[in-house]
Amino acid sequence: MSADAGSRGGKVVEYKPLLDEAIRLSAHKPNSVLLVDRGLAKMAMTEGRDLLWSNLRDQHLNDVVPCEWVDSTHPSYTLYTSGTTGKPKGVQRDTGGYTVALASSIPNIFCGKPGETFFCTSDIGWVVGHSYIIYGPLIGGMATIMYEGLPTRPDGGIWWSLVEKYKVTVMFSAPTAIRVLKKQDPALLTQYDLSSLKALFLAGEPLDEPTAKWISEGLGKPIIDNYWQTETGWPILTVCNGIEKTPSKFGSPGKAVYGYDVKLLDDQTGEELTQPNQKGVVAIEGPLPPGCLQTVWGDDDRFVKTYWTTVPGKMVYSTFDWGIKDEDGYFFILGRTDDVINVAGHRLGTREIEESISGHAAVAEVAVVGVADNLKGQVAMAFAVLKDGSLLSDASALLKLEGEIMKVVDNSLGAVARPARVRFVAVLPKTRSGKLLRRAIQAVCEGRDPGDLTTMDDPTALLQISDLVKA
Ligand code: ATP
Ligand code: MG
């Protein structure tokens, strides 16, 4: 099933030529293709295969389609990870376990009730969209909103106008989207009646404290961070307010969700870290709870090797993220295990430096990478997007800001964490799901080939960086 086209930021994106090409390449070709003509683009129809929904709708309107009974372990779908750290992995999901996990998460984690409305701003092509635009709300008896468009068109108030119009009770988005809204007029957050909305959930990337505070204060609603992966299909860490009212802490997604035995392990020895605030790899003891991946599609060996054998001496699932746990059991995610840089013998997480830089009032968004340096091994290099884009052409203002930002880092983390340079760009290179592509930025800074860029959203973002670095 497909359509003639979609639309993004006012631009028509034709689907049919992409679909035809995909079918041409595939080994298993469908007998029929059902197409919705949205009147956005002309479609070339293949005789005998392509059917128009508008011609068949009336004819089948009252058809009853019986349930297809399958085993609980029957695969429901394969979905690829975002490709932030490398080649995306094909996550194979079951049917029964996934249904149980989602059904339980709606009341327990999202506090949604049958009859209410869920608004998840993700894309149905990503795991958050699969789980919380489609299956989760519908299994939980909720209405779901599928919105095609940017959060800034026609203006930065569009989402909140939908909340008012459809009396949304639960909303789910990503930090990257909130950082986009930060560049808009904050008055747009309070123009609509948001009294139906209970909370805004965010996931997908570390939620820095300045961004969380900005949106929480702007909306006057609780912001609930939740940490998970395409592999798990639903949250690993959060606060389960539907089970027991649990206060959130800024900067922490919360505690281990029921079903997940989350541990922090020493990456060198595999030993469990039991003291508060020790930094380790976030790992999950097997068996994983319902909903998590069954295997990597078509490659059981890769599944075992990638996820279950990287911690020495133990067969545990590695998330490849660093974390700490405080004395109250709240986890803090410190970034990915490959986002650590070594400056003159000091190990620093790029996320800590980013968090510190985001504290500067002029900064909307920032990426920090480690770049090879003859003297120090590596140095930190920062690329920031300003809330006020017009400053980009004002060289003296940028120089002043660079100095100020370096001071902010000096004061919060110390001089070793100070970036060698802070550069300013209009956009940062991201995956299509809105995650920073630090590995590509790092490659460009070191004059290396950034490799496979097919998961990148806007290729011009990387060109800007490469121009700056060469200049
Ligand atoms: P790939 O695995 O292909 O490199 P990816 O890890 O970006 O891509 P996803 O499954 O979409 O693919 O993202 C999961 C990762 O996103 C987590 O491992 C973590 O690094 C990050 N993440 C998700 N939610 C949060 C959160 N609330 N706080 C911090 N990090 C998060
Ligand atoms: Mg991953």
Side-chain angles (χ1 to χ4, degrees), residues 78-93 109 120 122-132 172-179 200-209 211-212 215 223-239 248-257 260 262 281-284 291-293 296-297 302-303 306-307 310 317-325 330-340 349-352 354-355 358 367 429-440 451-457:
T78 18
L79 186 68
Y80 283 78
T81 58
S82 303
T84 308
T85 51
K87 195 163 164 258
K89 300 163 281 274
V91 166
Q92 179 185 316
R93 187 104 54 220
I109 297 176
C120 173
S122 180
D123 181 304
I124 54 163
W126 298 109
V127 68
V128 172
H130 269 55
S131 293
Y132 294 108
F172 192 164
S173 188
T176 182
I178 306 303
R179 291 188 199 112
L200 170 64
F201 292 81
L202 298 174
E205 271 207 298
L207 176 62
D208 57 285
E209 189 166 336
T211 300
I215 188 70
I223 302 302
I224 300 177
D225 188 7
N226 58 122
Y227 161 84
W228 44 301
Q229 303 186 306
T230 307
E231 290 87 341
T232 66
W234 65 297
I236 303 166
L237 301 173
T238 189
V239 286
S248 290
K249 286 193 187 185
F250 276 122
S252 164
K255 304 181 181 186
V257 168
Y260 288 94
V262 183
V281 178
V282 179
I284 309 169
C292 296
L293 80 170
V296 170
W297 170 251
R302 187 172 177 206
F303 173 57
T306 305
Y307 296 103
T310 58
Y317 174 90
S318 174
T319 62
F320 301 103
D321 288 313
W322 292 111
I324 55 168
K325 184 160 80 166
Y330 286 78
F331 284 85
F332 291 78
I333 300 295
L334 303 177
R336 295 163 189 267
T337 48
D338 55 2
D339 283 341
V340 170
T350 49
R351 153 129 208 240
E352 299 162 68
E354 287 168 4
E355 174 111 21
S358 332
K430 292 186 180 176
T431 63
R432 294 212 188 94
S433 56
K435 286 158 190 274
L436 277 177
L437 275 167
R438 293 188 191 78
R439 75 182 155 88
D452 179 12
L453 295 177
T454 46
T455 60
M456 186 150 79
D457 188 40

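In each ligand, atom 1 is the first atom listed, and ligand 1 is the first ligand listed.
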Check your understanding: Among protein heavy atoms, which lies nearest atom 2 (O) of ligand 1, and at what distance?
Key -> Lys89 NZ, 3.2 Å

Revision key, fill the gap. Atom 9 (P) of ligand 1 sits nearest the protein heavy atom Thr230 OG1, 3.4 Å

Practice item. Measure Trp228 to ligand 1 on non-hydrogen atoms and call it side chain, backbone, both or neither using the 4.0 Å cut-off. Key: backbone

Exercise for review: Heavy atoms only: give me the nearest Thr230-Arg93 pair and the separation to one decimal.
Suggested key: O-NH2, 2.8 Å

Check your understanding: In terms of residue, atom name and distance, what is the protein heavy atom nearest to atom 20 (O) of ligand 1?
Key -> Asp321 OD1, 2.7 Å

Study note, to complete from the structure: Under 4.0 Å from one or more heavy atoms of Glu231, ligand 1 contributes atoms 10 (O)

Point to revise | Distance filter under 4.0 Å to Asp225 heavy atoms, resulting ligand 1 atoms | key: 26 (C), 27 (N)

Check your understanding: In the protein, which heavy atom is nearest to atom 7 (O) of ligand 1, and how far is it?
Key -> Thr84 OG1, 2.5 Å

Check your understanding: Does CH2 belonging to Trp297 count more than 12 external heavy atoms closer than 6.0 Å?
Key -> no

Point to revise | atom 6 (O) of ligand 1 [closest protein heavy-atom partner, distance rounded to 0.1 Å] | key: Arg336 NH1, 2.9 Å

Point to revise | ring-ring contact (aromatic ring centres under 6.0 Å, His included), paired with Trp234, selected from Phe201, Tyr227, Phe172, Tyr260 | key: Tyr260

Check your understanding: Closest heavy-atom contact between Pro253 and Ile333?
Key -> CG-CG1, 4.1 Å

Study note, to complete from the structure: Note: Asn226, heavy atoms under 4.0 Å from ligand 1, region reported as backbone

Review point. Less than 4.0 Å between a side-chain N and a carboxylate O, is that true for Asp208 and Arg351?
Key: no

Point to revise | Lys430 and Thr176 side chains, donor-acceptor separation under 3.5 Å | key: yes

Review point. Do any nitrogen or oxygen atoms of Gly83 come within less than 3.5 Å of a nitrogen or oxygen of ligand 1?
Key: yes

Practice item. Would you check if the side chain of Ser252 reaches a backbone N or O of Tyr330 as a donor-acceptor pair within less than 3.5 Å? Key: no

Revision key, fill the gap. Atom 11 (O) of ligand 1: closest protein heavy atom, distance to 0.1 Å, is Ser82 OG, 2.7 Å

Exercise for review: From the options Trp322, Tyr80, Tyr227, Phe320, select the one whose nearest heavy atom is closest to atom 31 (C) of ligand 1.
Suggested key: Tyr227

Point to revise | Top protein contact for atom 26 (C) of ligand 1, by heavy-atom distance | key: Glu205 O, 3.4 Å

Revision key, fill the gap. The single option from Val127, Val296, Leu293 that satisfies side-chain contact (heavy atoms from CB on, under 4.5 Å) with Val91 is Leu293

**Study point:** Flag for Thr84-Ser82: side-chain donor and acceptor within less than 3.5 Å
**Key:** no

Study note, to complete from the structure: Restricting to heavy atoms, the pick from Ser433, Gly335, Pro206 nearest atom 29 (C) of ligand 1 would be Pro206

Point to revise | Nearest-contact summary for atom 13 (O) of ligand 1 - protein heavy atom, Å | key: Lys435 NZ, 2.8 Å

Review point. Within less than 4.0 angstrom of ligand 1, does Gly204 place any heavy atom?
Key: yes

Practice item. Keeping the roles fixed (side chain from Thr232, backbone from Trp228), state whether a donor-acceptor pair exists under 3.5 Å. Key: no

